[in-house]
Each structure stands twice: as structure tokens, then as C-alpha cells.
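First the structure, in the form of C-alpha cells, and then the observations on it.
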Amino acid sequence: MKRFFQPVEKDGSFKKPSISFTDPPLSSSSNSVFVEVSPTVEACEIQRREPCKFLTWNANSLLLRIKKDWPEFSNLVQTLDPDAIAIQEVRMPAAGSKGASKNPGELKDDTNSTREEKQVIMRALSSPPFQNYRVWWSLSDSKYGGTALLIKNQCKPKKVSFSIDRKASNHEPDGRLILAEFESFYLLNTYVPNNGWKEEENSFQRRRKWDKRILEFVVQLDKPLIWCGDLNVSHQDIDVSHPDFFSSAKLNGYVPPINEDCGQPGFTLSERRRFSNILSQGKLIDAYRFIHKEQDMERGFSWSGNPVGKYRGKRMRIDYFIVSEKLKDKIISCDMHGHGIELEGMDHTRICK
């Protein structure tokens with residue numbers, strides 16, 4: 001998704017800037033979303049400023065993307081020039097030997113294979129244009145989940161946290177979020193748990209608890225929020241390519257005891273209603289849908305299913321930029337870059353704001 005924000009003048013008036021933006025060629029990488037926010041006038045006058053442009057991407061293995069798609073992604077970053085890059089599903093294990101406590105803020109490097117993998121990643125992040133960014137990690141104990149946040153050196157945050165509970169020092173399980181606080185807003189990068197198919201601890205119950213905690217988090221914030229990442233929910237019918245298919249989807253014929261829990265994970269009525277409540281109670285809006293009112297069957301989805309079988313051609317929008325209503329008049333654009341697994345071999349689209 002690409003989203004652009006315009007500057008706030010000193011007298012509080014709002015004047016839309018003239019911005020010329022040309023999309024780069026579609027990358028062979030997975031879909032991403034890009035958003036740009038212009039800083040306040042005061043911030044423009046000093047070297048160290050707040051982020052204006054944001055890119056979010058579920059990489060589905062950062063190491064694999066570096067080996068297969070890094071030139072294309074590097075070109076995309078070079079062209080879009082985001083101030084912050086939020087990555088989900090980095091799929092790199094946290095530092096710490098077997099049986100010992102882990103450090104989710106550091107990449108594992110205590111074996112030959114993990115040392116080599118870390119070197120590959122650090123070399124990639126040290127090459128242009130990424131050498132201009134500082135990276136924060138929140139990692140799982142194994143090659144599962146994990147998030148990363150890259151922020152330009154001149155956009156230094158006041159504080160970076162790794163839990164919804166901002167007073168806690170611990171990282172969320174599976175490294176599911178990174179929260180950066182700036183002077184005038186918070187930036188939240190999340191890899192939201194998949195709802196799953198069944199009424200069990202690691203499916204419906206886990207997602208309900210997550211949604212409850214997110215709701216509690218957004219309603220008590222003391223400044224605006226920019227929330228991005230893989231949110232694992234398609235909010236409305238317009239956000240999926242085949243609403244009837246996803247509404248009636250089943251896994252091995254299983255039917256949940258509650259009708260609202262039936263259907264494709266990410267498109268059940270219960271998830272969608274909880275998401276609506278989070279947006280409403282938190283006074284948040286979906287930046288992409290704020291800009292794009294109509295369904296776009298070609299570029300309007302960020303996830304696509306297996307290119308063979310019953311999911312062929314079926315797509316969902318589960319990667320977002322969610323922003324506080326106070327910021328809506330600053331949104332200039334919010335777009336996706338990529339076409340997904342059927343054309344590119346990857347299941348998520350990069351979104352730029």
C-alpha cells in the first residue's frame with residue numbers, strides 16, 4: 001500500500017501539496033503496501049525528523065526473499081524511498097542456544113548454518129539503500145513468525161517496544177509486533193495470529209484474546225496511531241475476490257459450533273465484527289479503503305491462495321495501513337505493489353503508504 005500524507009502548516013490550515021509519484025516496475029517480490037506522510041513544517045527544518053513514508057511487507061521468509069528477490073525489492077525501496085519499512089514473517093530464529101533462554105531482539109548465530117544465514121541477512125541490510133536504516137528485530141524461538149522494523153537514521157524514534165503492553169519489556173510470543181513511538185504518533189508493525197479453523201486454544205481462542213488486547217491498546221493511546229502489517233482479516237466483502245467462497249469455506253468438512261466462526265480464517269463474521277469494533281472504538285480508519293472506494297480485481301488484494309486447486313484465483317486483502325481518524329486528511333495515497341503468488345510465486349503483496 002502506498003500512502004502519502006501532506007504537511008500540516010503552522011497555522012493549522014491544510015493545503016494539498018503537489019506531489020508527482022511514478023510507480024516503479026512491478027517487482028517479482030510479494031505484494032507490499034507503501035504510504036507516504038509528509039512531516040510538519042517544524043520537522044522539515046531540522047535534520048532529524050519524523051517518518052513520512054511507510055512500506056509494509058509480509059516477506060514469508062526474509063532469508064528466502066534475499067536469495068531470490070532482493071534486487072527487485074532493493075530497486076523498489078530505492079524508488080519509493082520509505083522512511084520506515086515494516087516486515088512480517090521474517091522467519092529467523094532468536095539468538096540463544098538449544099535449551100537456553102532466547103534473545104528475540106537478536107538473530108541466532110551459534111551454529112555454522114545460523115551464522116551463515118545471519119551473515120547473508122546482515123550483508124543485504126548493509127548494502128544500498130538499506131545501509132541508511134537502523135533495524136529492530138522481534139523474533140520467535142524457531143523459524144516461525146517474527147517481525148522487523150527498519151527506520152531511517154534521521155528518523156530516530158523516541159522509544160521502541162515489543163509488546164502491546166508498553167510498560168512490559170518482554171517481546172510478544174512469536175515476535176508478533178514492534179511499536180515505535182515518535183513525537184507526534186505511534187507506528188505499530190504487527191503479524192496478527194491467524195484465526196484458524198477450530199474452537200481450540202491455538203485457533204479461535206488465541207485470536208479472540210489478541211483482538212481483545214489490541215482493542216484495549218488502541219482505546220488508551222495518547223497520540224495518533226499508524227498501524228500496519230499482516231492483520232489476517234478481510235474486513236468487508238469488497239476486500240475478497242469471492243465472498244461466497246470464503247464465507248462457506250471449510251477444512252476437512254469441519255463446522256464450528258457457532259455460525260459466526262464459520263468460513264475462511266480472516267473472513268469469518270466474528271473476526272470481521274471484532275475488527276470493526278477495534279476501528280470504531282479506536283477511532284481508526286483503513287487508509288487503503290479510504291482512498292480506493294471500489295473493488296479492484298487486479299491490484300486490490302494482498303494475499304492469494306495456492307495457484308492450483310480450489311484456491312486458484314481466490315484473493316484477500318489482509319495487509320493494511322490503519323491510521324487514526326485525526327490523520328485522515330493527511331492521507332494522499334495508499335497502494336499495493338505486486339500481484340501475489342499466481343504471477344510472482346509469493347503469497348503477500350507489498351503495501352506502501
Side-chain angles (χ1 to χ4, degrees), residues 1-3 30 32-37 48-63 65-66 73-74 76-77 80-95 103-107 118 121-122 124-126 129-140 145-166 168-192 214 217 221 223-231 319-323 348 350-353:
M1 253 191 269
K2 182 178 60 186
R3 185 168 87 229
S30 67
S32 64
V33 188
F34 176 77
V35 179
E36 180 180 1
V37 182
R48 194 170 294 281
R49 58 177 176 81
E50 296 197 327
C52 309
K53 307 176 186 179
F54 305 86
L55 174 68
T56 184
W57 179 32
N58 181 314
N60 193 16
S61 177
L62 182 59
L63 183 66
R65 299 287 76 84
I66 288 173
F73 185 63
S74 297
L76 183 72
V77 171
L80 298 177
D81 192 28
D83 295 316
I85 304 171
I87 303 177
Q88 307 86 44
E89 273 202 279
V90 297
R91 290 180 177 252
M92 293 298 296
N103 179 1
E106 297 287 343
L107 295 168
K118 180 177 179 178
I121 288 180
M122 299 317 294
L125 296 180
S126 299
F130 303 99
Q131 82 279 13
N132 297 320
Y133 296 81
R134 178 179 173 183
V135 60
W136 284 266
W137 303 97
S138 189
L139 306 170
S140 174
T147 51
L149 182 62
L150 285 71
I151 298 176
K152 277 188 176 178
N153 293 325
Q154 63 265 38
C155 300
K156 184 178 179 180
K158 293 177 61 178
K159 180 181 179 181
V160 176
S161 309
F162 305 92
S163 172
I164 297 176
D165 181 358
R166 289 180 293 155
S169 59
N170 294 334
H171 292 237
E172 290 288 334
D174 302 325
R176 290 194 177 274
L177 72 80
I178 302 177
L179 175 67
E181 179 183 358
F182 296 91
E183 191 65 38
S184 61
F185 69 91
Y186 292 102
L187 173 62
L188 177 64
N189 170 26
T190 59
Y191 173 45
V192 174
I214 283 288
F217 168 77
L221 290 175
K223 62 181 74 173
L225 174 69
I226 297 176
W227 173 21
C228 65
D230 178 358
L231 306 193
D319 300 85
Y320 290 78
F321 273 100
I322 301 297
V323 304
H348 282 260
R350 293 175 303 277
I351 303 178
C352 192
K353 169 181 125 180

Mind listing the closest non-hydrogen atom pair of [X] and [Y] along with its distance?
{"X": "Pro224", "Y": "Ser184", "result": "CD-O, 3.3 Å"}
{"X": "Ile151", "Y": "Cys155", "result": "CG2-O, 3.2 Å"}
{"X": "Asp81", "Y": "Tyr133", "result": "C-OH, 4.3 Å"}
{"X": "Leu139", "Y": "Pro93", "result": "CD1-O, 3.9 Å"}
{"X": "Gly145", "Y": "Tyr191", "result": "CA-CE2, 3.8 Å"}
{"X": "Trp137", "Y": "Phe162", "result": "O-CE2, 3.5 Å"}

Atom pair [atom1]/[atom2] of [X] and [Y] - distance to nearest 0.5 Å:
{"X": "Thr147", "Y": "Leu179", "atom1": "OG1", "atom2": "CG", "result": "11.0 Å"}
{"X": "Met122", "Y": "Ile66", "atom1": "CE", "atom2": "CD1", "result": "9.5 Å"}
{"X": "Trp227", "Y": "Phe217", "atom1": "CH2", "atom2": "CZ", "result": "9.0 Å"}
{"X": "Glu89", "Y": "Asn58", "atom1": "CD", "atom2": "CG", "result": "4.5 Å"}
{"X": "Leu63", "Y": "Lys118", "atom1": "CG", "atom2": "NZ", "result": "13.5 Å"}

Without swapping roles, check the side chain of [X] against the backbone of [Y] for a donor-acceptor pair under 3.5 Å.
{"X": "Glu50", "Y": "Glu183", "value": "yes"}
{"X": "Asp83", "Y": "Lys53", "value": "yes"}
{"X": "Asn189", "Y": "Ala148", "value": "yes"}
{"X": "Lys223", "Y": "Glu181", "value": "no"}

I want to check something: taking the side chain as every heavy atom from C-beta on, are [X] and [Y] in contact at a cut-off of under 4.5 Å?
{"X": "Leu149", "Y": "Ser138", "value": "no"}
{"X": "Arg65", "Y": "Ile87", "value": "no"}
{"X": "Leu187", "Y": "Pro51", "value": "no"}
{"X": "Ile164", "Y": "Ile214", "value": "yes"}

Between Phe185 and Phe54, what is the ring plane arrangement, given parallel below 30°, perpendicular above 60°, and tilted in between?
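It falls in the perpendicular class, over 60°.
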Knowing that exactly one of Ile226, Leu231, Thr190 qualifies, which makes a side chain to side chain contact (heavy atoms under 4.5 Å, CB included) with Ile322?
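Result for side chain to side chain contact (heavy atoms under 4.5 Å, CB included) with Ile322: Leu231.
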Test log, rule side chain to side chain contact (heavy atoms under 4.5 Å, CB included), inputs Leu125 and Leu150:
CA-CA 9 Å; Leu125 296 180; Leu150 285 71; 3.9 Å; yes
Scan Ser161, Ser163, Ser140 and name whichever one has a side chain to side chain donor-acceptor pair (under 3.5 Å) with Glu172.
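Per the side chain to side chain donor-acceptor pair (under 3.5 Å) rule, the option paired with Glu172 is Ser163, out of Ser161, Ser163, Ser140.
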Go through Asn60 and Arg91 one step at a time and tell me if the side chain to side chain donor-acceptor pair (under 3.5 Å) criterion holds.
CA-CA 7 Å; Asn60 193 16; Arg91 290 180 177 252; 3.2 Å; yes
Evaluate side chain to side chain contact (heavy atoms under 4.5 Å, CB included) for Gln88 paired with Thr56, printing each intermediate quantity in order.
CA-CA 8 Å; Gln88 307 86 44; Thr56 184; 2.9 Å; yes
